[in-house]
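Working notes for the structure below.
Within every chain, numbering begins at 1; the chains are lettered A, B, ... in the order of the sequence lines, protein sequences first and strands thereafter.
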Amino acid sequence: MSAPFLVAKGIVKRFGALTALSGIDLEIRSGEVLALLGDNGAGKSTFVKILAGAHAPSDGDILVEGSPVMFSSPKDAASAGIATIFQELALSENLSISENVFLGRELKRSIFGIPFLRRQEMRKRVDGLLTELDTHISDPEAPVGSLSGGQRQAVAICRALNLNAKLVIMDEPTAALAVAETRKVLSLTRRLAERGCAVVLISHNIADVVEVADRMAVFRRGRKVAERLRAGTNPEEIVSLITGAHPDVRALEKTN
Amino acid sequence: MRHGVFSMNGREWSLLAACAVAIFVLSVASPYFATSGNAATILRNSVELLLVGLGMTLLLAMGGIDVSVGIVMGLAAIGVGRALGADLPVPITALAGPIIGAALGLLTATVVVLGRVPAIVGTLGLLGVYRTAIFVLLGGQWLSGLPTGLTVLLGTTVLGIPIAAYVIALAYLAMWTALRRTPFGLHLLAIGNSEEKARLSGIPVVKVRFITFIVSGALTGLAATFYVANYRNVEMTIGSTLALDAIAAVVLGGTSILGGRCSLIGTVLGVLLLRILQNGLLLVGVPSLWQPVVTGGLLIGVLALEVATSRLSLSQLGWTRK
């Protein structure tokens with residue numbers, strides 16, 4: 001396996017007297033789906049927000065492709081190749097798919113100083129991405145408001161890919177979806193990894209995670225209590241790790 | 001989504017049909033309605049509202065609004081009138097309108113965008129301030145008997161078509177191009193859909209909102225230039241129904257009062273329908289006092305109808321699987 005895309009070392013986050021994260025070490029590799037699991041308040045969202053540049057860590061280092069980085073805004077993280085797809089997707093329902101994918105970074109040509117949109121080219125690029133991801137969306141000019149929840153996830157993923165993201169963070173992408181839609185989004189997630197992206201997936205649904213993730217990291221009370229490869233674990237073990245019933249977790253929590 | 005310069009959807013065709021029906025009924029009701037002289041009067045009376053309506057369309061599409069357009073036109077008209085009275089070169093007096101309008105648009109944007117005041121409240125507050133400014137500037141008197149220079153300039157025709165028509169066509173094309181062919185238009189519509197999402201998408205929200213208020217102000221000021229050229233006076237009550245007329249015309253035209261969706265051709269048709277009705281009702285003997293009642297009634301009726309129907313289509317929208 002190649003060098004990891006991102007390495008987090010000893011990440012600590014304090015909010016006043018509250019320690020939300022204590023000493024998180026984690027490696028995120030290209031071409032791999034890494035799932036972050038844990039109960040509400042376990043710290044996985046805080047950790048992801050640090051990766052996305054929304055929070056600054058109180059202590060610890062982040063290395064992207066071997067060199068240390070300091071993100072002071074989501075824009076910094078984006079220019080380092082990290083795209084976050086939030087649960088409430090930041091899509092404009094009144095605009096078309098291709099307009100959404102390029103929104104804020106439109107292709108344009110200047111005629112007499114007026115920046116005209118290159119709609120043809122944007123549509124072609126989006127059409128290519130939609131086909132490549134096998135989304136079964138035929139018309140890039142369809143308004144996003146007419147799409148289902150799963151299709152909107154696909155559009156958000158296209159947007160991330162179009163920004164040349166090397167790490168895509170997905171926060172509960174299947175939380176609001178029907179069964180068939182969930183399957184679709186999970187296969188999209190796999191395809192992202194096959195494309196060479198690093199994918200971080202936050203989910204409450206253990207069945208989903210076990211199906212799609214190569215590796216799982218379990219968070220509990222602001223610490224990473226376990227890391228498992230898919231081949232070496234099963235849903236029951238994961239549940240006991242999350243709830244703290246697992247002997248490893250008990251031992252860990254006793255010593256500290 | 002595809003948009004041609006003059007392409008029309010169902011809403012716009014029905015508006016055109018409404019214009020046709022109104023013209024037919026009013027022609028039967030009054031022998032004075034269907035004359036070429038009266039048609040010219042209607043078009044002439046539509047000039048200011050068309051210009052203001054184009055700006056209002058962009059504002060509503062962005063989720064904004066400006067209820068002070070009438071008073072802004074009044075202030076710009078005073079500027080144009082004073083410039084005329086001071087015998088400044090005519091082209092300069094013509095430009096005074098849009099320049100004053102743009103400056104007031106900048107002030108509106110500062111209050112609404114930087115002050116983070118909701119547009120409807122911010123422009124209502126400015127309306128109060130500007131109204132007093134008009135009183136102070138005019139000293140309770142009309143500006144009247146202004147020189148004819150501007151009237152002559154804007155009254156000329158090129159190839160038999162008045163200058164006003166060219167100016168409106170140019171303004172329409174400029175707004176259409178900005179809205180449908182440049183990133184600015186996408187950004188404006190994204191802000192109208194959700195300002196927060198637009199910001200997350202990396203859109204320069206503050207800049208886009210400033211530009212839109214300034215452009216709308218400049219169009220309102222341009223309307224003032226035509227107003228002064230036409231009437232050669234500025235009265236205390238100038239523009240008192242302009243905001244109502246403009247918002248009614250734009251909403252009739254199919255632009256969403258909540259933002260995110262707009263139609264420029266719809267605004268043009270909305271303005272024509274309003275002016276046809278206002279003119280025709282006068283001719284059949286309805287006192288002009290009743291005009292705002294008709295306009296206000298139309299505005300409320302259309303909005304109520306939209307809410308009633310969109311509740312249906314909204315629930316369908318959420319569950320559409322393609």
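Annotation: the span from Phe116(A) atom CZ to Thr177(B) atom OG1 amounts to 5.5 Å, rounded to 0.5 Å. Atom NE2 of His187(B) is separated from atom CG of Leu95(A) by 9.5 Å, given to the nearest 0.5 angstrom. In this structure, CG in Asn193(B) is found 9.5 Å from CG in Leu91(A), a value given to the nearest 0.5 Å. Atoms CG and CD1, on Leu103(A) and Ile203(B) in that order, are 3.5 Å from each other to the nearest 0.5 Å.
Around atom CD of Gln120(A), no more than 12 heavy atoms belonging to other residues, nucleotides or ligands sit under 6.0 Å away. Within 6.0 Å of CD1 in Ile120(B) there are 12 or fewer heavy atoms belonging to other residues, nucleotides or ligands. In the displayed structure, Arg190(A) atom CZ is contacted under 6.0 Å by more than 12 heavy atoms of other residues, nucleotides or ligands.
The candidate from Pro183(B), Gly260(B), Ala178(B) with the greatest count of non-hydrogen atom pairs under 4.5 Å with chain A is Pro183(B). Per-residue heavy-atom pair counts under 4.5 Å with chain B were compared for Ser98(A), Ser138(A), Pro115(A), Ala78(A), and the maximum is reached by Pro115(A).
With a 4.5 angstrom heavy-atom cutoff, Thr182(B) touches chain A via backbone and side-chain atoms both. In this structure, chain A has a heavy atom under 4.5 Å from the backbone of Arg180(B), while its side chain stays farther away. For Leu107(A), no part lies under 4.5 angstrom from a heavy atom of chain B. At a 4.5 Å heavy-atom cutoff, the contact between Arg159(A) and chain B is made by side-chain atoms alone.
Using a 4.0 Å cut-off between charged side-chain N and carboxylate O, Arg261(B) and Glu93(A) make no salt bridge.
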